[in-house]
Amino acid sequence: MKSVADNSPIIETRDLNVYYGPTCVISGVDMEVETHKITAIIGPSGSGKSTLLRCFNRMNDLIPSFHMTGSVLFAGRDLYDAGVDPTEIRYQIGMVFQRPNPFPKSIFDNVAFGPRVNGFRGDMNALVEDSIRRAALWDEVKDRLKESALSLSGGQQQRLCIARALAVQPQIILMDEPCSALDPISTLAIEELMRELSNDYSIVIVTHNMQQAARVSDYTAFLNPGEDKTSELIEFDETRQIFTNPKDERTEAYITGRFG
């Protein structure tokens with residue numbers, strides 16, 4: 001996949017409809033993910049936030065009943081074209097999950113795992129160090145690289161998972177509620193890291209935390225299920241606009257806690 005200029009969206013969805021079996025769970029989503037910006041996806045539980053996020057790197061392909069219509073463009077190419085390799089997509093569009101999930105390997109081997117599988121032939125020591133530095137973890141683990149990653153704290157494990165995603169040199173990092181299992185200090189560290197990483201990567205984050213979305217994101221998408229339980233993209237705009245002067249009364253009700 002080609003890289004994208006800073007003034008062009010890196011991901012675009014066009015009339016995206018997502019189904020599990022015969023049931024439509026997300027309908028008619030049109031949105032753009034801007035390059036080197038942080039986009040937050042918010043909405044109530046069951047609104048399809050994670051489902052939408054996983055459309056961006058074809059993780060939903062692993063669910064047998066999943067199918068979709070419309071298109072998801074990455075750098076101008078439809079991610080769901082027959083000639084697109086989902087494995088290659090997942091290197092270009094990395095994923096960090098809700099709970100830290102380090103492999104039961106050393107800290108070094110966790111970060112080196114993806115590049116090794118991908119056939120990396122450069123200086124692995126330098127790549128691992130650079131990835132851990134970018135994840136703001138190096139000073140804490142530089143003398144412990146041979147120790148098990150499971151010996152790290154929860155916040156450190158999550159930053160290690162971010163380093164692991166960075167090591168395969170993606171263009172986009174998807175984060176599915178990356179702070180929900182962390183304490184406030186670790187949450188702040190991850191938020192600061194996201195802002196720093198957005199200088200070099202495009203980031204999409206799913207969060208149930210309105211304050212977090214307001215603090216870290218440049219753009220916000222609000223998903224909401226209708227009476228038939230099918231979710232729609234109610235509003236998508238700059239975060240400042242969404243949180244200070246939303247155009248839709250449903251958005252205002254949700255962000256002010258009057259939802260439902």
Practice task
Taking the six-membered ring for Trp and the full ring for Phe, Tyr or His, determine whether the centres of Tyr19 and Phe66 are under 6.0 Å apart.
Solution key: no
Handout entry: Aromatic ring proximity, centroids under 6.0 angstrom, Phe236 and Phe222
Key =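 No, the ring of Phe222 stays outside the 6.0 Å limit from the ring of Phe236, centre to centre.
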Exercise for the section: Find out if a path of hydrophobic residues (ILVMFWY) with successive side-chain heavy-atom gaps under 4.5 Å connects Val29 to Ile10. Expected result: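 Val29 clusters together with Ile10.
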Handout entry: Linked, directly or transitively: Val141 and Leu166 (ILVMFWY side chains, under 4.5 Å)
Key =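 No, separate clusters.
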[X] side chain near [Y] side chain, heavy-atom distance below 4.5 Å:
| X | Y | result |
| --- | --- | --- |
| Cys161 | Pro102 | yes |
| Pro44 | Tyr254 | yes |
| Leu174 | Val96 | no |
| Ile38 | Arg195 | yes |
| Ile190 | Ile162 | yes |
| Arg99 | Gln158 | no |
| Ile93 | Pro170 | no |
| Arg240 | Tyr219 | no |

Sub-3.5 Å donor-acceptor pair from the side chain of [X] to the main-chain atoms of [Y], do we have one?
| X | Y | answer |
| --- | --- | --- |
| Tyr80 | Gly70 | no |
| Asn209 | Gln212 | yes |
| Thr13 | Met31 | yes |
| Glu12 | Leu73 | no |
| Ser186 | Leu182 | no |
| Ser217 | Ala214 | no |

Does this structure show an ion pair linking [X] with [Y], if we count only N-O contacts that are shorter than 4.0 Å?
| X | Y | value |
| --- | --- | --- |
| Asp109 | Arg164 | no |
| Arg134 | Asp200 | yes |
| Glu252 | Arg250 | no |
| Arg144 | Glu147 | yes |
| Asp30 | Arg14 | no |
| Glu129 | Arg133 | yes |

Could you pull out the closest heavy-atom pair between [X] and [Y], with the gap in Å?
| X | Y | value |
| --- | --- | --- |
| Gly46 | Ser231 | O-OG, 4.1 Å |
| Ala167 | Val111 | CB-O, 3.3 Å |
| Val117 | Tyr91 | CG1-OH, 3.3 Å |
| Val72 | Leu16 | CG2-CD1, 4.0 Å |
| Phe56 | Val204 | CE1-CG1, 4.2 Å |
| Pro115 | Leu127 | CG-CD2, 3.6 Å |

Practice task
Verify side-chain contact (heavy atoms from CB on, under 4.5 Å) between Phe108 and Asn125, making sure each step is shown before the conclusion.
Solution key: CA-CA 9 Å; Phe108 183 96; Asn125 290 331; 3.3 Å; yes
Problem - Residue Ile185 excluded, over 12 heavy atoms near CD1 under 6.0 Å - result: no
Exercise for the section: List the steps and the verdict of salt bridge (Lys or Arg N to Asp or Glu O under 4.0 Å) for Lys49 and Asp176. Expected result: CA-CA 9 Å; Lys49 301 185 295 296; Asp176 192 354; over 6 Å; no
Could you give the distance from [atom1] ([X]) to [atom2] ([Y]), rounded to the nearest 0.5 Å?
| X | Y | atom1 | atom2 | answer |
| --- | --- | --- | --- | --- |
| Ile205 | Thr39 | CD1 | OG1 | 10.5 Å |
| Met210 | Arg215 | CE | CZ | 11.0 Å |
| Lys247 | Glu235 | NZ | CD | 6.0 Å |

Practice task
Would you tell me whether Ser180 and Gln98 have side-chain atoms, one donor and one acceptor, within less than 3.5 Å of each other?
Solution key: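 Yes - a donor-acceptor pair under 3.5 Å links their side chains.
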